[in-house]
Asks: 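Input: one structure, supplied below.
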Amino acid sequence: ATETEEKDLVIIGGGVAGYVAAIKAGQEGLKVACIEKRGSLGGTCLNVGCIPSKSLLNNSHLYHQILHDTKNRGIEVADVKLNLKQMMKAKETSVNGLTKGIEFLFKKNNVEYIKGTGAFADEHTVQVNLTEGGETSIRGKNILIATGSEATPFPGLTIDEKKVITSTGAIALETVPKKMVVIGGGIIGLEMASVWSRLGAEVTVVEFLGQIGGPGMDAEISKNIQKTLAKQGIKFKLNTKVVEGDDSAADVKIKVEAAKGGKEETLDADVVLVAIGRRPYTAGLGLENIGLETDNRGRIVIDQEYRTKIPHIRVIGDVTFGPMLAHKAEEEAVAVIEYITKNYGHVNYGAIPSVMYTHPEVAWVGQNEAELKEAGVKYKIGSFPFSANSRAKTNADSDGMVKFLADAETDRILGIHIVGPNAGEMIAEGVLALEYGASSEDVARTSHAHPTLAEAFKEAAMATHGKAIHY
Ligand code: FAD
Ligand code: NAD
């Protein structure tokens, strides 16, 4: 049966971009519906991304610490055992709690949740293939595309999510692999390498570039974290490309060679993780029915107000430009609703933080040294090691550093790069500083509680503006 009703806004995709936009639209009094096909809200991030990966990162870290780092703290532990099934259950509990929470927020904010797959019938109509069977169609004065992204496959390897996996398989393995090869040393590769190496797998990360961490990570910080991860047991092959993979036997064979050509080598693994990036997802959306095209990387093209060439159809999140991050999608979601309701919205793309949740964590905001050099900007550096921070030393968790980059002339902060315990929380202060156009002196003259890790942040600012006290 086909029924057509009209909403102020129809959102396709209930990931972070779509669900936040839906709630915000409800708050603004719009009649809004959100179509999601996966059976639960929250998209990649809540179901198979940010949240489940952080559950496993947190609990695998605890396990690893209990195994290797308790005796000197005066804690004697006997009989430590991994219960992987329970660890996965704990992960599922967090995911279910949070995705159900969004359903509650939908009700609270009068958002209609439509379970099904949406496709454009025309410029104002979305045809929905309902999950429970049947079809419906829904008209929107405005339509928002928030269909997200998917893992980029590796040519020649068939993803079965058991032996050859993406991050989706990597958060759901039933046993700890003996040997795991990770193709791609970006954020997904390193977070998942951490989880499985802590749980006992022998992990080798193969990275095409000369440094790990993916786009944006400062080279000095990247070297620093690589050293620590190597100490934890992860092996790295940098400047190395995967030439081909063979998954026809029980073990997967991965042929690699130096990126610039040269020596070949074959790596054996019982599990191979493909983590070479993600690509926009628009399959089955019917873009061709309304004449919308994607660029050479699959992104739907938009203007600064998130509009496609059809002005009432807008796009946000992973499926369009910018870093593929949940909090970036969230900022855009609020801004796009403000554009629709008030003709004004704002996202500062220069102040979106990045965090890698390894141990220690890596976090940064603004520009790195290579980017500043390329832009011809003169800058000064101030850094401070956690080994000189009283709290980090007391916690016996003092690998890493804080690094400030500030304009050589004006002292305005241009970038902040942290590798260290709790870097992901600490970077929030850096984002605020950048957002408000602070100088390193502003931060250096701000009181930070003692004894906290945040004092390392202040001292790095002091080192940029003048001199640190404790180093
Ligand atoms: P998505 O979350 O992908 O949501 C899109 C939704 O649209 C999906 O649920 C999909 O089912 C639905 N959909 C698609 N097409 C249709 C259709 N035609 N009809 C109906 N529904 C449709 N980011 C961070 O900031 N921090 C992290 O710690 C982090 N960790 C991550 C870990 C992993 C393993 C991965 C893979 C990603 C991680 N990310 C992280 C990235 C983050 O998940 C994404 O940036 C974020 O989910 C993007 O949100 P989105 O709404 O644009 O897309
Ligand atoms: P990425 O772009 O961060 O890293 C991919 C890495 O793979 C790069 O370093 C690249 O040089 C390398 N690579 C590409 N092709 C290769 C090849 N053939 N052989 C060897 N190496 C190769 O992508 P990702 O790690 O897959 O993550 C995808 C997206 O998800 C990113 O945008 C990331 O920001 C997001 N994400 C974020 C978080 C977080 O915020 N903590 C966590 C997970 C994922």
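Order of appearance sets the numbers: ligands from 1, and atoms from 1 within every ligand. For the single chain, residues carry numbers from 1 onward in sequence order. This structure is a prediction, so every number in the text was calculated from the model and none was measured.
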Asks: Are the charged groups of Lys163 and Asp270 less than 4.0 angstrom apart, N to O?
Replies: no

Asks: Counting only heavy atoms, tell me which of Glu332, Lys54, Arg278 gets closest to atom 28 (O) of ligand 1.
Replies: Lys54

Asks: Just jot down the ligand 1 atoms closer than 4.0 angstrom to any heavy atom of Ile12, in number order.
Replies: 17 (C), 18 (N), 19 (N)

Asks: Give the atom numbers and elements of ligand 1 that come within less than 4.0 Å of a heavy atom of Cys45.
Replies: 2 (O), 43 (O), 47 (O)

Asks: Flag Glu36 as yes when one of its N or O atoms lies below 3.5 Å from any N or O atom of ligand 1, and as no otherwise.
Replies: yes

Asks: Hey, are Lys141 and Asp8 close enough for a salt bridge, meaning a charged N less than 4.0 Å from a carboxylate O?
Replies: yes

Asks: Could you check which of Gly424, Gly284, Gly322, Gly148 puts a non-hydrogen atom nearest to atom 53 (O) of ligand 1?
Replies: Gly148

Asks: For ligand 1, note which part of Tyr19 has a heavy atom under 4.0 Å away: side chain, backbone, both or neither.
Replies: neither

Asks: Output the list of atoms in ligand 1 that are nearer than 4.0 Å to some heavy atom of Gly15, sorted by atom number.
Replies: 2 (O), 4 (O), 6 (C), 51 (O)

Asks: For Gly118, take its heavy atoms, then give the atoms of ligand 1 lying under 4.0 Å from any of them.
Replies: 17 (C), 18 (N), 19 (N), 20 (C)

Asks: Which one of Cys50, Ala326, Ser354, Ala119 has a non-hydrogen atom at the shortest distance from atom 29 (C) of ligand 1?
Replies: Cys50

Asks: Whether Glu202 and Lys235 form a salt bridge (side-chain N of Lys/Arg under 4.0 Å from carboxylate O of Asp/Glu) is what I want to check.
Replies: yes

Asks: Taking 4.0 angstrom as the limit and counting only heavy atoms of Ser167, give me the atoms of ligand 1 inside it, by number and element.
Replies: 34 (C), 36 (C)

Asks: N or O contacts of ligand 2 with protein under 3.5 Å, please list pair by pair.
Replies:
from     : atom 1 : to     : atom 2 : distance (Å)
ligand 2 : 9 (O)  : Glu207 : OE1    : 2.7
ligand 2 : 9 (O)  : Glu207 : OE2    : 3.2
ligand 2 : 11 (O) : Glu207 : OE2    : 2.6
ligand 2 : 21 (N) : Phe208 : N      : 3.2
ligand 2 : 25 (O) : Ile187 : N      : 3.3
ligand 2 : 25 (O) : Ile188 : N      : 2.9
ligand 2 : 26 (O) : Gly277 : N      : 2.9
ligand 2 : 40 (O) : Val355 : O      : 3.4
ligand 2 : 41 (N) : Glu191 : OE2    : 2.9
ligand 2 : 41 (N) : Val355 : O      : 2.8

Asks: Salt bridge check: are Glu293 and Lys309 linked by an N-O gap of less than 4.0 Å?
Replies: no

Asks: What do you reckon, does Asp318 have a nitrogen or oxygen under 3.5 Å from a nitrogen or oxygen of ligand 1?
Replies: yes

Asks: Applying the side chain to side chain contact (heavy atoms under 4.5 Å, CB included) criterion to Val10, which one of Thr125, Val32, Val126, Val128 satisfies it?
Replies: Val126

Asks: Determine the interplanar angle of the His359 and His61 rings, folded into 0 to 90°, and report it as parallel if under 30°, tilted if 30 to 60°, perpendicular if over 60°.
Replies: parallel

Asks: Met324 heavy atoms, cut-off 4.0 Å: which ligand 1 atoms fall inside?
Replies: 41 (C), 45 (O)

Asks: Classify the contact between Ile171 and ligand 1 as side chain, backbone, both or neither, using a heavy-atom distance cut-off of under 4.0 Å.
Replies: neither

Asks: Aromatic rings Tyr339 and Tyr344: how do their planes relate, parallel, tilted or perpendicular, breaks at 30° and 60°?
Replies: tilted

Asks: Evaluate Gly42 for polar contact with ligand 1, using N/O atom pairs at a separation under 3.5 Å.
Replies: no

Asks: Can you name the atoms of ligand 1, numbered from 1 with element, that are less than 4.0 Å from a heavy atom of Gly317?
Replies: 52 (O)

Asks: Taking only non-hydrogen atoms of Gly116, do any sit less than 4.0 angstrom from ligand 1?
Replies: yes

Asks: Say whether Val48 and ligand 1 are in contact under the criterion: heavy-atom distance to a ligand atom below 4.0 Å.
Replies: yes

Asks: Does the distance from a Lys or Arg side-chain N to an Asp or Glu carboxylate O, for Glu191 and Lys54, drop under 4.0 Å?
Replies: yes

